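All values reported here derive from a predicted model rather than from experimental measurement.
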Amino acid sequence: MKITVLASGSAANGYVIQNEREAVVLECGCPLLDAQKALDFNTAKVAGVLVTHEHGDHARYVAKYAQLMPVYLTAGTADALGMRGAYNINLIERKRQFQTGGFRVLPFATIHDAQEPCGYIIQHPDMGVLLFATDTRDIGYTFKDMDYIMLECNYDERLLNENIRSGRLNYNVGDRIKNSHMSISRCVRILKDNDLRRVKGIMLLHLSHDNSDKQNFVTRVKRNTGKHVVAAEKGVEMEFMV
């Protein structure tokens, strides 16, 4: 099992997890063609597309994906997108586990300025347990028995404040970032609060173009966790092994 990053950031987000037999797609903020290419155009093996919330960089192409694959999202997200009752749209509940293909999925609440956002715990025999959480200020849970973690690491407080003071970043935009996205310090704290003994790899998601430092973020998370860490960028891949 492996994951391929289609994109990760404020412009677009998309990830494909697959083995030879089946796949899930995380987010549909990238054109459908990007996902099709990552799948070698074998969209029939996609068990589902998991969407976290309605913002365009995560859900812009929902209708296109739903033409070919089942899409899973909360009722709040579906309503915000005007997609409730649409073809291939499946409503899910936070804290209620469901199965799609060989993937067992548990949605959980996240903290973002969206209607009913969620993250996911995804289990599969060929990869173990994956935590996926993006576009959230914090996570109000701790988890155990994780094998892989994909977690937002959007901004550095110092860089963000410097950009606000200098006028490069509007104060209101900066305030929204602080209230709806995860800083590097909070990312590290969440990781340290959780049981990482089984974790084999960590992928940092949704790094801000102007308010982050990729190499510094990777180094800090490595230093604090002792794990293999990569930053999500277009084309990055990670092997998931049990």
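Side chain of Asn88 to backbone of Val71: no donor-acceptor contact under 3.5 angstrom is found. Side chain of Asn154 to backbone of Met182: no donor-acceptor contact under 3.5 angstrom is found.
Between atom CE of residue Met69 and atom OG1 of residue Thr100 there is a gap of 12.5 Å, rounded to the nearest 0.5 Å. Asp145 contributes atom CG, which lies 9.0 Å from atom CD of Gln123 (distance to the nearest 0.5 angstrom). Ile92 contributes atom CD1, which lies 10.0 Å from atom CZ of Arg94 (distance to the nearest 0.5 angstrom). Rounding to the nearest 0.5 Å places CZ of Phe143 at 5.0 Å from CG of Leu131.
In terms of heavy atoms, Ala78 sits closest to Leu73 at CB-CD1, 3.4 Å. The shortest non-hydrogen separation linking Thr225 to Leu196 is CG2-CD1, 3.8 Å. Listed here is the closest heavy atom pair of Pro70 and Asn90: CB-ND2, 3.7 Å. The heavy-atom pair separating Ala133 from Leu205 by the smallest distance is O-CD1, 4.1 Å. Taking each heavy atom of Tyr87 and Gln67 in turn, the nearest pair found is CE2-O, 4.0 Å. The two atoms that bring Met1 and Asp126 nearest to each other are CB-O, 3.7 Å, heavy atoms only.
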Return all side-chain donor-acceptor pairs below 3.5 angstrom for residues 234-242, not counting sequence neighbours, or 'none' if the list is empty.
from	atom 1	to	atom 2	distance (Å)
Glu237	OE2	Lys2	NZ	3.3
Glu237	OE2	Thr4	OG1	3.2

Listing, residues 28-51 side-chain donor-acceptor contacts under 3.5 Å, not counting sequence neighbours, or none:
from	atom 1	to	atom 2	distance (Å)
Lys45	NZ	Gln18	OE1	2.8
Lys45	NZ	Asn19	O	2.7

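For the pair Thr74 and Leu91, the minimum side-chain heavy-atom distance is 4.5 Å or more. Counting heavy atoms from C-beta outward, Ile190 and Glu152 have side chains that stay 4.5 Å or more apart. Between Asn194 and Ile139 the shortest side-chain heavy-atom distance does not fall below 4.5 Å. Between Ile3 and Met127 there is no side-chain heavy-atom pair separated by less than 4.5 Å. Residues Thr77 and Gln115 form no side-chain contact, since every pair of their non-hydrogen atoms from C-beta on lies 4.5 Å or further apart. Between Leu6 and Val16 there is a side-chain heavy-atom pair separated by less than 4.5 Å.
Every pair tested for salt bridge (Lys or Arg N to Asp or Glu O under 4.0 Å) that includes a residue from residues 98-112 fails, sequence neighbours excluded, so the list is empty. Within the structure, salt bridge (Lys or Arg N to Asp or Glu O under 4.0 Å) contacts touching residues 160-176 (residues at least two apart or in different chains) are Asp113-Arg176, Arg158-Glu162. Among residues at least two apart or in separate chains, salt bridge (Lys or Arg N to Asp or Glu O under 4.0 Å) pairs with a member in residues 205-232 are Asp156-Arg220, Lys214-Glu233.
In the hydrophobic clustering of ILVMFWY residues, with side-chain heavy atoms under 4.5 Å counting as a link, Ile202 and Phe132 come out apart. No continuous path of hydrophobic side-chain contacts links Met150 to Ile111 [ILVMFWY only; heavy atoms under 4.5 Å]. Hydrophobic clustering, with ILVMFWY side chains joined whenever heavy atoms are under 4.5 angstrom apart, keeps Tyr72 apart from Tyr65. When the side chains of ILVMFWY residues are joined at heavy-atom separations under 4.5 Å, either directly or via intervening members, Met203 and Ile122 end up in a single hydrophobic cluster. Each of Val221 and Val230 belongs to its own hydrophobic cluster when Ile, Leu, Val, Met, Phe, Trp and Tyr are linked at side-chain heavy-atom distances under 4.5 angstrom.
Applying the side-chain contact (heavy atoms from CB on, under 4.5 Å) rule to Ala86 yields the partners Met83, Ile89; only residues at least two apart in sequence or on another chain are considered. Every salt bridge (Lys or Arg N to Asp or Glu O under 4.0 Å) that Arg186 has, sequence neighbours left out, goes to Asp138. Among residues two or more places apart in sequence or in another chain, the salt bridge (Lys or Arg N to Asp or Glu O under 4.0 Å) test is passed with Arg60 by none. Considering only residues two or more places apart in sequence or on other chains, Asp57 meets the salt bridge (Lys or Arg N to Asp or Glu O under 4.0 Å) condition with none of them. Residues that satisfy the side-chain contact (heavy atoms from CB on, under 4.5 Å) test with Leu106, not counting sequence neighbours, are Gln97, Ile121. In this view, Asp79 and Arg84 satisfy the salt bridge (Lys or Arg N to Asp or Glu O under 4.0 Å) rule, not counting sequence neighbours. Residues passing the side-chain contact (heavy atoms from CB on, under 4.5 Å) test with Thr110 are Phe108, Pro117, Thr136, sequence neighbours excluded.
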- request: Take Glu157 and Ile184 through the test side-chain contact (heavy atoms from CB on, under 4.5 Å) and record every step on the way to the result.
  value: CA-CA 8 Å; Glu157 296 93 330; Ile184 173 63; 4.1 Å; yes
message: Run His124 and Val24 through side-chain contact (heavy atoms from CB on, under 4.5 Å) and show every step you take.
response: CA-CA 11 Å; His124 189 281; Val24 291; over 6 Å; no
task: Decide side-chain contact (heavy atoms from CB on, under 4.5 Å) for Tyr155 and Ser212; before the verdict, give the C-alpha distance in whole Å, the side-chain angles of both, and the deciding distance to 0.1 Å.
output: CA-CA 5 Å; Tyr155 70 94; Ser212 70; 5.6 Å; no
- prompt: What do the steps show when you test Ser208 against Ile177 for side-chain contact (heavy atoms from CB on, under 4.5 Å), and what is the final call?
  reply: CA-CA 10 Å; Ser208 166; Ile177 291 171; 5.7 Å; no
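No side-chain N or O of His55 forms a donor-acceptor pair with one of Asp135 less than 3.5 Å apart.
Aromatic ring pairs are classed by plane angle as parallel below 30°, tilted from 30° to 60° and perpendicular above 60°; the pair His53 and His112 is perpendicular.
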